[in-house]
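The figures here come from the full heavy-atom set of this structure, side chains too, leaving out hydrogens, waters and symmetry mates.
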Amino acid sequence: MPESESTTCAISGAGPAGVMLGLLLARAGVQVTVLEKHGDFLRDFRGDTVHPSTLQLLDELGLVEDLERIPHRNLTTLRMSTLTRTLVDADLRRFPSTRKYRHIAMIPQWDFLTLLVEHARRYPAFRLLMNAETLGPIEHGGAIRGLRYRDARGEHDLRAVLTVAADGRRSDLRRAAGMIPLDFGAPMDVLWLRVSRRPDDDEGGGLAGHIGKGEMAAAIDRGDYWQIAFLIPKGSYQEIRAQGLEGLRERLARLLPFLADRVDEIDDWGKVAFLEVGVNRLRRWDRPGLLAIGDAAHTMSPIGGVGINLAVQDAVATANLLAEPLHRAQADPARFDKTLNPRLVQRVQRRRMIPTVGTQFVQLLAQRRLVGRILDGEEPRMPAILSGERARRLMSQLLVRIMVYGILPEHVRTPDRAGADTPKSGVRHSTG
């Protein structure tokens, strides 16, 4: 028989959504257990663009100074151009000075998560279980009453008032609960690579996108190296591999001529990470006793680097709306025989639907009008009104406003009810 445990909120997945939600609930005095199937956070080429909206939330939690001590790069400019014209030219420094944060922080996701976990561990109500694989939900009386998981000691039943699926775009818990997202498709996949950066590189300080005939790449300044996103037509990865590394290097040198003398550093397919791009969204984010947030509720395109930030915003909205009901339920001896009022849980989706749908609309529009046409060897289709340089710059600033600052950004409303203890031991920040 599986061992039986209990918590007030069980969260499957220690990504940005799961850890942030765990932190905020524990801060509000809610007993929370976060489960992560891996033994660490060290997975390369994960999303690591921390937008101003997320920096503002970290500021509200008093974590910005800690974040600034983590080695990272700040991006202020976003540009995309063909050989003959500029399509996107945005500078975050042009936004009003009333905005406290006018840059994107490029922070390795493992360092970002470690920062959140170290802060969360100051609260007695927070528990993180690593190497704990979620097996499925515990169902009773037509509702989810927790989840089953497996670790080195065997299988366990974790009873909970609320169970949260925050385990990513291929959520095991979502699938086991029978929640199937609506798929919107994508015309591309992405290869992630890196080459060294030199002090005299003159395209630093931001993201530079370059468009050729039937191909597209973006170089992201990471301080001591360039992270490259090379967009390929959907389903063409094996064909590109069959053409060999030399063909890939030639295409990169053509698209990013300022890096042409360094593409030979990509000398093994082990240095090329493949991301299968998809855009999807659950019609309904909840079942009785269960809520999906972050990528488990809506997978975003890599366009704009919004994934981490939408996930964190979901977590903050969830905590703002549900921390008090969960705290009250915690005092009820019969809480595990009840579920949180479904209408309360559904408020999370209602709150986050406009930002989710609005952001995905912009991404899907960019995929159809820009990325899809480029990868088909056609010219990107831009509205006639954007033929002038000033109009393009204004549109660039508007798009960046939507993608970088977000639609209806959240703010921390949960109380710091629990008080913070002395930090428990945790993983130290990496410097890579």
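- In this structure, the side chain of Asn309 engages the main chain of Gly305 through a donor-acceptor pair within 3.5 Å.
- Looking at Arg328, its side chain never comes within 3.5 Å of a backbone N or O of Ala323 through a donor-acceptor pair.
- The backbone N or O of Glu133 sits nowhere less than 3.5 Å from a side-chain atom of Asp151 that would complete a donor-acceptor pair.
- Glu265 has its side chain within reach of Ser196: a pair of non-hydrogen atoms, C-beta onward, lies under 4.5 Å apart.
- Between the side chains of Thr134 and Asp172, no donor N or O sits under 3.5 Å from an acceptor N or O.
- Qualifying salt bridge (Lys or Arg N to Asp or Glu O under 4.0 Å) partners for Glu239, counting only residues two or more places apart in sequence or in other chains: none.
- Taking 4.5 Å as the limit, every side-chain heavy atom of Phe274 sits out of range of all side-chain heavy atoms of Arg241.
- Here Glu276 pairs with Arg170 under the salt bridge (Lys or Arg N to Asp or Glu O under 4.0 Å) rule; sequence neighbours left out.
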request  = Using the side-chain hydrogen bond (donor to acceptor under 3.5 Å, both in side chains) rule, take Glu5 and Tyr149 through it: C-alpha gap first, then chi angles, then the decisive distance, then the call.
outcome  = CA-CA 11 Å; Glu5 308 167 334; Tyr149 74 93; 2.8 Å; yes
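- His103 is linked by a ring pair (Phe, Tyr, Trp, His ring centres under 6.0 Å) to nothing, counting only residues two or more places apart in sequence or in another chain.
- Two residues are said to be in side-chain contact when any heavy atoms from C-beta on lie closer than 4.5 Å; Leu24 and Leu61 meet this criterion.
- Every residue was checked against the salt bridge (Lys or Arg N to Asp or Glu O under 4.0 Å) condition with Asp268, not counting sequence neighbours, and none meets it.
- Counting only residues at least two apart or in different chains, salt bridge (Lys or Arg N to Asp or Glu O under 4.0 Å) contacts with residues 14-25 are absent.
- With a 6.0 Å radius and a threshold of 12 heavy atoms from other residues, nucleotides or ligands, Lys234 has its NZ atom above the threshold.
- Checked against side-chain contact (heavy atoms from CB on, under 4.5 Å), His327 has the following partners two or more places apart in sequence or in another chain: Val30, Gln330, Arg417.
- Applying the ring pair (Phe, Tyr, Trp, His ring centres under 6.0 Å) criterion to His51, with sequence neighbours excluded, gives no partner residue.
- For Asp224 and Arg222, the salt-bridge test fails: no basic side-chain N is under 4.0 Å from an acidic carboxylate O.
- By the side-chain hydrogen bond (donor to acceptor under 3.5 Å, both in side chains) test, Arg169 pairs with no residue at all, sequence neighbours left out.
- Between Arg343 and Asp286, none of the side-chain N atoms (NZ, or NE/NH1/NH2) sits under 4.0 Å from a carboxylate O, so this pair counts as no salt bridge.
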CA sep, side-chain torsions, deciding dist, call: Ile70, Phe112, side chain to side chain contact (heavy atoms under 4.5 Å, CB included) = CA-CA 9 Å; Ile70 300 172; Phe112 179 72; over 6 Å; no
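- Using a 4.5 Å heavy-atom cutoff, the side chains of Val34 and Arg127 are not in contact.
- At distances below 3.5 Å, at least one donor-acceptor pair connects side-chain atoms of Asn320 with backbone N or O atoms of Arg413.
- Defined by atom type and a distance below 3.5 Å, a donor-acceptor pair is present between the side-chain atoms of Ser171 and Asp167.
- Distance alone, capped at 3.5 Å, is enough to place a donor-acceptor pair between the Thr318 side chain and the Asp314 backbone.
- By the salt bridge (Lys or Arg N to Asp or Glu O under 4.0 Å) test, Arg281 is found to be paired with no residue, residues two or more places apart in sequence or in another chain being considered.
- When only modelled atom types and interatomic distance are considered, Asn74 and His72 share a side-chain donor-acceptor pair under 3.5 Å.
- A salt bridge between Arg249 and Glu246 is present, with a side-chain N of the basic residue lying under 4.0 Å from a carboxylate O of the acidic one.
- Cation-pi geometry between Arg27 and Tyr123 is not satisfied (NZ or CZ under 6.0 Å from the ring centre, within 45° of the ring normal).
- Without hydrogens or angle criteria, Asp91 side chain to Thr77 main chain gives no donor-acceptor distance under 3.5 Å.
- Geometrically, Arg159 engages Phe336 in a cation-pi contact, judged by NZ or CZ lying under 6.0 Å from the ring centre and within 45° of the ring axis.
- Gln360 places a side-chain N or O within 3.5 Å of a backbone atom of Asn280 that can act as its donor or acceptor partner.
- Annotation: side-chain hydrogen bond (donor to acceptor under 3.5 Å, both in side chains) contacts involving residues 138-147, sequence neighbours excluded, comprise Glu139-Arg287.
- The ring pair (Phe, Tyr, Trp, His ring centres under 6.0 Å) search around Tyr101 returns none, not counting sequence neighbours.
- Within 6.0 Å of CZ on Arg148 lie more than 12 heavy atoms contributed by other residues, nucleotides or ligands.
- The side-chain heavy atoms of Val312 and Ile308, taken from C-beta on, include a pair separated by under 4.5 Å.
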inquiry  = Using the rule given for side chain to side chain contact (heavy atoms under 4.5 Å, CB included), can you reason through Ile11 versus Cys9, listing the C-alpha separation, both sets of side-chain angles and the distance that settles it, and then say yes or no?
reply    = CA-CA 6 Å; Ile11 302 172; Cys9 181; 3.9 Å; yes
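- Between Leu147 and Ser12, some side-chain heavy-atom pair lies under the 4.5 Å cut-off.
- Around atom CD of Glu65, no more than 12 heavy atoms belonging to other residues, nucleotides or ligands sit under 6.0 Å away.
- With hydrogens and angles ignored, the 3.5 Å screen pairs a side-chain donor or acceptor of Arg335 with a backbone N or O of Asp332.
- Ion pairing of Glu215 with Arg254 is present here, as a side-chain N (NZ or NE/NH1/NH2) and a carboxylate O approach within less than 4.0 Å.
- Shown here are the ring pair (Phe, Tyr, Trp, His ring centres under 6.0 Å) partners of Phe184, two or more places apart in sequence or in another chain: there are none.
- Looking at Gln363, its side chain does come within 3.5 Å of a backbone N or O of Ile303 through a donor-acceptor pair.
- Side-chain N or O atoms of Thr114 include one that pairs as donor or acceptor with a backbone N or O of Trp110 at under 3.5 Å.
- For an aromatic pair to be called close, the ring centres must be under 6.0 Å apart, and Trp226 with Phe258 satisfies this.
- When the shell of 6.0 Å around CD1 of Ile354 is examined, it contains 12 or fewer heavy atoms from other residues, nucleotides or ligands.
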request  = Report the C-alpha separation of His298 and Arg352 in whole Å, then their side-chain angles, then the decisive distance to 0.1 Å, and conclude whether the side chain to side chain contact (heavy atoms under 4.5 Å, CB included) test is met.
outcome  = CA-CA 11 Å; His298 48 73; Arg352 297 300 304 156; 5.9 Å; no
